[in-house]
Novice: 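Right, I'll just put the structure down here and ask away after.
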Amino acid sequence: MSAEAMVTSPFAGSGTDGDRPLRIALLTYKGNPFCGGQGVYVRHLSRELARLGHTVEVIGAQPYPVLDPQSGQTLTELPSLDLYRQPDPFRTPGREEYRDWIDALEVATMWTGGFPEPLTFSLRARRHLLARRGEFDVIHDNQTLGYGLLGDLGAPLVTTIHHPITVDRQLELDAAKDRKRRLSVRRWYAFTRMQGRVARRLPSVLTVSGSSQQEIAEHLGVRDDRIHVVHIGADTDLWSPDPSVAEVPGRIVTTSSADVPLKGLVFLVEALAKLRTERPDAHLVVVGKRAERGPVAKAIEAYGLQDAVRFVKGVTDAELVDLVRSAQVACVPSLYEGFSLPAAEAMATGTALVATTGGAIPEVAGRDGETCLAVPPGDAGALATALGRMFEDPELRTRLGAAGRERVLANFTWARAAEGTAAHYRAAIATARGAAGARTR
């Protein structure tokens, strides 16, 4: 054994065995799996890491992660002031709620139109981790990218960047109607400058697709050799075919966690209006919160689709899976996705998929005509044509649904994601140990 391999360090844990279980701190500044992909990532990755025998402690802020209770992970709550909670978002806290200067910074940033949570969570996480130095072998940050996570944290840091948030920023700027709105968007997304500075200093970045890998290098300036792709996926035991669930004629299901340009929901609503001129039974179920104002609400009203578009939220996992199973077609109309969990999950149920070619969606959904029908992003006419083709051809739906399921099983499962992620943890630990050994020589 080399001298470097024999060096002990704060990162080495209880031994140097490459197969020993790891003690993992998984950080997430927002973790609710019912309002975004980051929460889904934390829930499923932590479960599968625990199944591999690792000890996983999820450290998160509101909305808190929802973990699988039987899988052995633990949750440590690191509360913010929860300034965006419902039903009183952008609230001003009472004087008695302030605990320290970080709370004051959080409120001041909100008052000036910014989004404080990545920075303030990183500062609270740093304080928490330094107080527990030596308890973890590796720290995994889920896209916080805050200044507080730079420097020595007591264990090597691995960071997941699902996609650069600068993409969201640009799409919202492109959709802004006037100068006032553009100024508001720039102020809200001011934290992306911090995220870029932090990303460029990170030793190890994981991302979920080759498309995101390229954009992280281009948008954030991270060196290619520091970015590693570990595909995520679907819970294929939960998201599976069930012939006992009857298809509902004309049903389209999509997932949209927010009424933002990125999700492309307004184009799907326009496509539905076109489709219903020939298929009056066509209707859309949106998994997500209904926005009372905004482009989607305006489009539903303008096309008279109030009875043809339904929003559902707060359903159980089993209810959600049955909803997708009941659809004749699942649709991902996004202008951009860093991965697209909804595509993988729909395919895993054997439901035929229509999806755009935005971002990494083709990497997940596969080739047009083989595992899905693919259309250009932002093209309502192409969406309507593809959906109509699906409705008219049950054999096509069956073939694409079966091929989609096989693609997910072969490439996109959480078990594979956990194995790949754990391998990068060990690489980060070995690198840190080597650096510590070099300093002692």
Side-chain angles (χ1 to χ4, degrees), residues 13 19-80 117-118 121-122 124-125 128-129 132 135-145 149 153-162 204-208 228-239 257 316-317 320-321 338-339 341 344-345 348 412-429:
D19 296 324
R20 68 175 179 81
L22 300 175
R23 302 168 299 172
I24 303 160
L26 178 54
L27 311 180
T28 184
Y29 74 89
K30 59 178 182 178
N32 188 330
F34 306 110
C35 65
Q38 291 190 38
V40 174
Y41 179 80
V42 167
R43 180 182 184 184
H44 293 294
L45 180 65
S46 64
R47 181 195 65 230
E48 294 301 326
L49 287 168
R51 286 178 176 173
L52 290 175
H54 305 296
T55 300
V56 184
E57 182 173 336
V58 177
I59 302 172
Q62 302 96 320
Y64 290 120
V66 177
L67 306 180
D68 288 350
Q70 306 302 319
S71 299
Q73 320 96 300
T74 59
L75 172 63
T76 295
E77 297 179 354
L78 204 61
S80 68
E117 290 182 357
F121 176 78
S122 75
R124 295 184 182 108
H128 182 84
L129 291 167
R132 300 179 60 187
E135 294 186 31
F136 301 108
D137 297 306
V138 66
I139 297 163
H140 184 172
D141 170 41
N142 182 33
Q143 195 147 336
T144 306
L145 296 169
L149 299 180
L153 296 172
L157 177 69
V158 172
T159 300
T160 291
I161 303 177
H162 297 268
S204 180
V205 171
L206 304 184
T207 193
V208 296
H228 313 283
V229 176
V230 178
H231 288 126
I232 55 177
D235 180 345
T236 52
D237 293 330
L238 176 65
W239 295 89
S257 59
T316 66
D317 287 345
L320 177 56
V321 174
F339 179 80
L341 278 169
E345 290 171 343
F412 307 117
T413 67
W414 284 109
R416 290 170 63 95
E419 291 168 359
T421 302
H424 285 290
Y425 291 161
R426 296 193 190 281
I429 292 168

Novice: Among residues at least two apart in sequence or on other chains, which ones pass side chain to side chain donor-acceptor pair (under 3.5 Å) with Thr160?
Specialist: Tyr41, His140
Novice: Do Gln38 and Tyr29 touch side chain to side chain, with heavy atoms closer than 4.5 Å?
Specialist: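 Counting from C-beta outward, Gln38 and Tyr29 do come under 4.5 Å.
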Novice: A side-chain contact here means heavy atoms from C-beta on lying under 4.5 Å apart; do Ile24 and Thr55 qualify?
Specialist: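 Sidechains of Thr55 and Ile24: no contact.
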Novice: Excluding sequence neighbours, so at least two apart, what forms side chain to side chain donor-acceptor pair (under 3.5 Å) with His231?
Specialist: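 With sequence neighbours excluded, His231 shows a side chain to side chain donor-acceptor pair (under 3.5 Å) to Glu363, given in chain and number order.
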Novice: Go through the side-chain N and O atoms of His44 and Asp68 and say whether any donor and acceptor fall under 3.5 Å apart.
Specialist: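 No - no donor-acceptor pair under 3.5 Å links their side chains.
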Novice: Are any of the side-chain heavy atoms of Leu67 and Val58 separated by less than 4.5 Å?
Specialist: yes
Novice: Got a second to check how far Phe412's CZ is from Ile232's CD1, nearest 0.5 Å?
Specialist: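 Those atoms lie 10.0 Å apart.
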Novice: Considering residues at least two apart in sequence or located in another chain, which fulfil the salt bridge (charged side-chain N to carboxylate O under 4.0 Å, His left out) criterion with Glu117?
Specialist: none
Novice: With a 4.5 Å limit on heavy-atom distance, are the side chains of Thr421 and Leu206 in contact?
Specialist: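 With C-beta onward as the side chain, the pair touches.
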Novice: Taking only residues two or more places apart in sequence, or in another chain, which ones meet Glu419 in a side chain to side chain donor-acceptor pair (under 3.5 Å)?
Specialist: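 With neighbours one apart ignored, the set is empty.
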Novice: Pair Ser204, Leu157 - check side chain to side chain contact (heavy atoms under 4.5 Å, CB included), show working.
Specialist: CA-CA 7 Å; Ser204 180; Leu157 177 69; over 6 Å; no
Novice: Can you tell if the side chain of Leu22 reaches within under 4.5 Å of the side chain of Phe136, non-hydrogen atoms only?
Specialist: no
Novice: Can you tell if the side chain of Phe339 reaches within under 4.5 Å of the side chain of Leu341, non-hydrogen atoms only?
Specialist: yes
Novice: With His424, which residues qualify under ring pair (Phe, Tyr, Trp, His ring centres under 6.0 Å), at least two apart?
Specialist: His228
Novice: Which heavy atom in His54 sits nearest to a heavy atom in Arg20, and how many Å separate them?
Specialist: CE1-O, 4.3 Å
Novice: Is a side-chain N or O of Ser46 found less than 3.5 angstrom from the main chain of Arg43, in a donor-acceptor match?
Specialist: yes
Novice: What pair of heavy atoms forms the shortest contact from Asp235 to Trp414, and how long is it?
Specialist: N-CD1, 3.5 Å
Novice: Which atom pair, heavy atoms only, marks the closest approach of Ala344 to Ala234?
Specialist: O-CB, 4.0 Å
Novice: Sequence neighbours excluded, which residues qualify as ring pair (Phe, Tyr, Trp, His ring centres under 6.0 Å) partners of Trp239?
Specialist: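 With sequence neighbours excluded, Trp239 shows a ring pair (Phe, Tyr, Trp, His ring centres under 6.0 Å) to no residue whatsoever.
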Novice: If every non-hydrogen atom of Asp137 is compared with every non-hydrogen atom of Pro156, which pair is closest and at what distance?
Specialist: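 In terms of heavy atoms, the two residues are closest at O-CD, 3.3 Å.
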Novice: Search all heavy atoms of Ser80 against all heavy atoms of Gln62 and return the closest pair with its distance.
Specialist: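 Ser80 and Gln62 have their closest heavy atoms at N-OE1, 2.8 Å.
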Novice: side-chain contact (heavy atoms from CB on, under 4.5 Å) with Thr413: which residues, sequence neighbours excluded?
Specialist: Thr236, Ala415, Arg416
Novice: Contact between Ile139 and Val158 at the side-chain level, heavy atoms closer than 4.5 Å - yes or no?
Specialist: no
Novice: Could you list the residues that satisfy side-chain contact (heavy atoms from CB on, under 4.5 Å) with Ala125, not counting sequence neighbours?
Specialist: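 For Ala125, the residues satisfying side-chain contact (heavy atoms from CB on, under 4.5 Å) (neighbours in sequence not counted) are Leu27, Leu78, Phe121, Leu149.
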Novice: Between Leu49 and Gln73, is a side chain to side chain contact (heavy atoms under 4.5 Å, CB included) present by the stated rule, with each step listed?
Specialist: CA-CA 9 Å; Leu49 287 168; Gln73 320 96 300; over 6 Å; no
Novice: Give a yes or no on whether the backbone of His162 and the side-chain of Gln143 come within a donor-acceptor separation of less than 3.5 Å.
Specialist: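 Yes, because the side chain of Gln143 sits within donor-acceptor range (under 3.5 Å) of the backbone of His162.
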Novice: Determine whether Asp317 and Leu238 make a side-chain contact, defined as any pair of heavy atoms from C-beta on separated by less than 4.5 Å.
Specialist: yes
Novice: Would you please name every residue forming a side chain to side chain donor-acceptor pair (under 3.5 Å) with Glu57, sequence neighbours left out?
Specialist: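 Scan of Glu57 (side chain to side chain donor-acceptor pair (under 3.5 Å), adjacent residues dropped) gives Thr76, Arg132.
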